[in-house]
Amino acid sequence: MKRKLILLSAAFVAVMALAMMGFTQASHAAKPWEKIQWNKPVPAAERLSADEYILPEGWKEATKGVTKIVHFNAGGMEHDPGTLANFKLFEKLTGIKVEYVEVSDQVLLQKTISALVSRDPNITSMCVSEPAFALQHLISANWIEKMDAIWQPEVQKIYPQGLLALLKGPDGSFYGTVDTQKAGISYMRPSWLKAAGVEGTPVTWQEYIAAAKKCRDWAVKNLDQTYYGFGFAADHYILQKFQGMTYSQGGRLMNDKGKINLLTPEFKNTWTTYVNFVRDGISPEAVLGWTWNDYQQAFAMGKMAIITEALNTNMVRFADPEKSPGLAKNVQGNPVDAPGDWIAAPSPKWSAETPDSYIGSAPTNFSSFVINRFAPDNQKAAAMILGEVRMSKQGGVNELLIEGNSPFLPTVFDDPAVMKKVANVDVRKTANKNAVLEVFPPGGEKAMDILLEYYGQAVTGKLDALKALEAAQKEIDEIQSY
């Protein structure tokens with residue numbers, strides 16, 4: 001995260017230098033994508049909602065001369081079969097090849113900034129894997145192309161309203177669409193819950209916390225010390241855990257002035273709960289060194305009773321006995337029928353008194369698809385068509401059925417033919433419908449680094465939990481005092 005912050009800071013210096021040199025926008029002549037008739041042969045919302053994606057009229061002329069476009073993909077394509085299927089669909093429809101560059105997520109932003117700072121015309125589009133933090137920087141730097149052409153008012157109405165703000169700049173224009181979306185899901189081991197004396201399936205955080213404690217206590221007596229009631233990772237992805245529990249209470253991390261404010265009753269509840277998970281032995285202290293995948297792997301090995309805000313793609317992973325051998329047996333070690341000893345649920349609401357509309361109010365793992373402003377205009381037009389393919393119903397079905405990702409277009413869940421092929425439909429629908437995303441201001445990643453540092457001090461007993469949170473907020477206020 002610190003590296004990303006340095007890169008972004010350097011990026012703004014470069015932007016200011018360009019401004020001082022009199023850098024101006026190119027010609028105001030109509031761009032190729034502006035000549036595409038997006039509402040023909042039928043309105044854009046209908047084209048995108050069709051079972052098979054319909055190309056807009058005028059696309060051939062707009063992309064004339066384009067034989068390929070180049071895309072920065074987050075990670076290896078072997079892990080993104082849904083993305084690959086949509087690239088192949090685009091190639092089949094247009095005859096234009098998508099040449100993808102597999103970039104490790106650890107250096108994706110660095111590579112993206114490098115290409116944009118140098119105004120490299122050879123990279124057409126990119127994945128921004130943490131748009132809540134990074135996208136506004138790229139927009140402010142004037143490095144990525146506006147995509148208003150594919151976001152007409154009627155199109156906006158058919159997509160999740162809670163996610164559209166993430167794709168907009170301060171000027172109200174759209175600068176991206178979906179790359180991939182993975183809803184945050186809870187997973188539990190029913191045999192462990194039953195053995196520990198938990199009645200029914202927990203649906204509130206209060207019930208989750210009590211169940212996790214019972215599961216840990218039972219495991220210590222009947223298994224060994226390596227089995228825990230609740231799993232998570234205290235790397236920077238812990239933010240998603242903090243968000244999910246805070247949202248479940250109706251709270252937010254951002255105030256109405258656009259500042260990060262963590263001294264709310266809701267976040268204090270969240271903070272102390274996550275500190276106590278480790279202090280009370282419900283979670284291992286090892287979480288302080290775990291990454292985003294470690295706790296999910298621990299669940300797959302049968303070592304965790306409950307995890308939350310985990311990827312919905314785990315539904316495929318946990319059903320595979322080779323990838324999740326610990327779930328092929330119950331907690332007593334006896335074989336179980338497929339899909340294994342696990343159940344999925346939307347993220348819980350805070351308490352029994354909390355409205356049911358807060359069930360599933362967790363952050364979605366959303367990556368955005370953006371277009372390099374310095375690429376040739378006809379290639380940018382082709383990239384906008386690819387963006388449409390990815391946000392279409394057909395694109396969403398590919399992501400859902402092939403990779404297990406969440407479709408960006410909610411009406412995918414209304415298709416009975418598709419839903420017959422999908423497990424845990426209601427869980428997915430609720431998680432998609434109630435997902436929440438907040439856009440963080442410049443310096444947001446640094447703020448999360450500060451929070452993570454003080455979380456470690458609170459967990460290890462170096463500071464009282466609330467005093468640690470107050471100290472973290474004080475440092476965060478120093479970097480957002482603008």
Side-chain angles (χ1 to χ4, degrees), residues 128-136 156-168 174 176-187 203-205 208 232 236-271 273-274 292 307-313 344-351 353-368 391 396 405-410 413 426-441 444-445 447-448 451:
V128 178
S129 59
E130 293 184 83
F133 290 105
L135 192 57
Q136 293 304 312
Q156 295 177 39
K157 292 178 182 178
I158 66 174
Y159 288 91
Q161 297 304 300
L163 301 182
L164 296 187
L166 185 68
L167 302 170
K168 291 182 179 180
F174 283 87
T177 186
V178 67
D179 187 274
T180 56
Q181 181 184 357
K182 301 175 176 68
I185 301 292
S186 296
Y187 297 93
V203 296
T204 71
W205 268 112
Y208 271 53
F232 63 98
H236 71 277
Y237 283 101
I238 197 175
L239 172 64
Q240 295 178 352
K241 315 305 176 188
F242 291 160
Q243 286 175 298
M245 189 178 285
T246 303
Y247 299 162
S248 78
Q249 304 167 65
R252 295 290 185 269
L253 277 64
M254 300 287 297
N255 63 23
D256 56 7
K257 297 180 180 179
K259 306 289 186 180
I260 298 170
N261 177 25
L262 307 177
L263 299 182
T264 62
E266 296 85 3
F267 193 85
K268 286 180 180 179
N269 287 337
T270 297
W271 179 260
T273 299
Y274 270 91
W292 67 274
I307 59 175
T308 61
E309 284 84 48
L311 300 179
N312 60 267
T313 48
S347 294
K349 61 180 184 177
W350 177 246
S351 66
E353 294 73 32
T354 307
D356 286 348
S357 58
Y358 289 150
I359 296 175
S361 293
T364 185
N365 191 306
F366 188 90
S367 296
S368 58
M391 64 194 277
N405 288 334
S406 300
F408 191 36
L409 185 64
F413 288 112
D426 290 339
V427 173
R428 293 175 182 271
K429 287 180 71 172
T430 300
N432 269 38
K433 177 183 177 182
N434 295 337
V436 178
L437 271 180
E438 294 182 274
V439 179
F440 290 89
E445 286 195 333
M448 293 309 116
L451 190 63

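Excluded from the calculations below are hydrogen atoms, water molecules and symmetry mates; all remaining heavy atoms, backbone and side chain alike, are included.
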| After noting the C-alpha distance and the side-chain angles of F242 and Y274, does the key distance pass the side-chain contact (heavy atoms from CB on, under 4.5 Å) rule? | CA-CA 8 Å; F242 291 160; Y274 270 91; 3.8 Å; yes
| Residues in side chain to side chain donor-acceptor pair (under 3.5 Å) contact with Q240, at least two apart in sequence or another chain | none
| query | With sequence neighbours excluded, what pairs up with T308 under the side chain to side chain donor-acceptor pair (under 3.5 Å) test? | reply | none
By side-chain contact (heavy atoms from CB on, under 4.5 Å), which residues pair with [X], not counting sequence neighbours?
X: K157; result: E154
X: K168; result: Q156, F174
X: P348; result: S186, W205, Y208

| message | Could you check whether any side-chain N or O of S406 sits under 3.5 Å from a backbone N or O of A183, counting only pairs where one atom can act as donor and the other as acceptor? | response | yes
| request: Taking N432 for its side chain and P410 for its backbone only, find out whether a donor-acceptor pair lies under 3.5 Å. | output: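 No, N432 side chain to P410 backbone: no donor-acceptor pair under 3.5 Å.
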Looking at [X] and [Y], what are the two nearest heavy atoms and their distance?
X: G176; Y: L167; result: O-CD1, 3.7 Å
X: S361; Y: S357; result: OG-O, 3.5 Å
X: A345; Y: V427; result: C-CG1, 3.6 Å

| message | Please evaluate residues L409 and I158 with respect to the criterion side-chain contact (heavy atoms from CB on, under 4.5 Å), reporting the C-alpha separation (whole Å), side-chain torsions for both, the decisive distance (0.1 Å), and the verdict. | response | CA-CA 7 Å; L409 185 64; I158 66 174; 3.7 Å; yes
| query | Do N405 and T180 pass the side-chain hydrogen bond (donor to acceptor under 3.5 Å, both in side chains) test, and can you show the C-alpha distance, the side-chain angles, and the key distance before you say yes or no? | reply | CA-CA 7 Å; N405 288 334; T180 56; 5.1 Å; no
Atom [atom1] of [X] and atom [atom2] of [Y]: how far apart are they, to the nearest 0.5 Å?
X: I185; Y: R428; atom1: CD1; atom2: CZ; answer: 7.5 Å
X: F440; Y: L239; atom1: CZ; atom2: CG; answer: 5.0 Å
X: L311; Y: Y187; atom1: CG; atom2: OH; answer: 7.5 Å
X: Y247; Y: L437; atom1: OH; atom2: CG; answer: 7.0 Å
X: L262; Y: W271; atom1: CG; atom2: CH2; answer: 8.5 Å
X: W350; Y: I359; atom1: CH2; atom2: CD1; answer: 15.0 Å

Would a 4.5 Å heavy-atom cut-off, applied to side chains only, mark [X] and [Y] as touching?
X: Q243; Y: L253; value: yes
X: K182; Y: T364; value: no
X: S347; Y: E309; value: yes

| message | What verdict does the side-chain contact (heavy atoms from CB on, under 4.5 Å) test give for I260 and M254, after you've listed the backbone C-alpha separation in whole Å, the side-chain angles of each residue and the deciding distance to 0.1 Å? | response | CA-CA 5 Å; I260 298 170; M254 300 287 297; 3.6 Å; yes
| query | Y159: what forms a ring pair (Phe, Tyr, Trp, His ring centres under 6.0 Å) with it, not counting sequence neighbours? | reply |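 Y159 satisfies ring pair (Phe, Tyr, Trp, His ring centres under 6.0 Å) with W151, F408 once adjacent residues are dropped.
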| message | Out of the candidates T354, N434, T204, D356, only one should pair with K349 under the side chain to side chain donor-acceptor pair (under 3.5 Å) rule; please name it. | response | D356
| field | Derivation of the side-chain contact (heavy atoms from CB on, under 4.5 Å) call for S368 and L135 | value | CA-CA 8 Å; S368 58; L135 192 57; 4.2 Å; yes
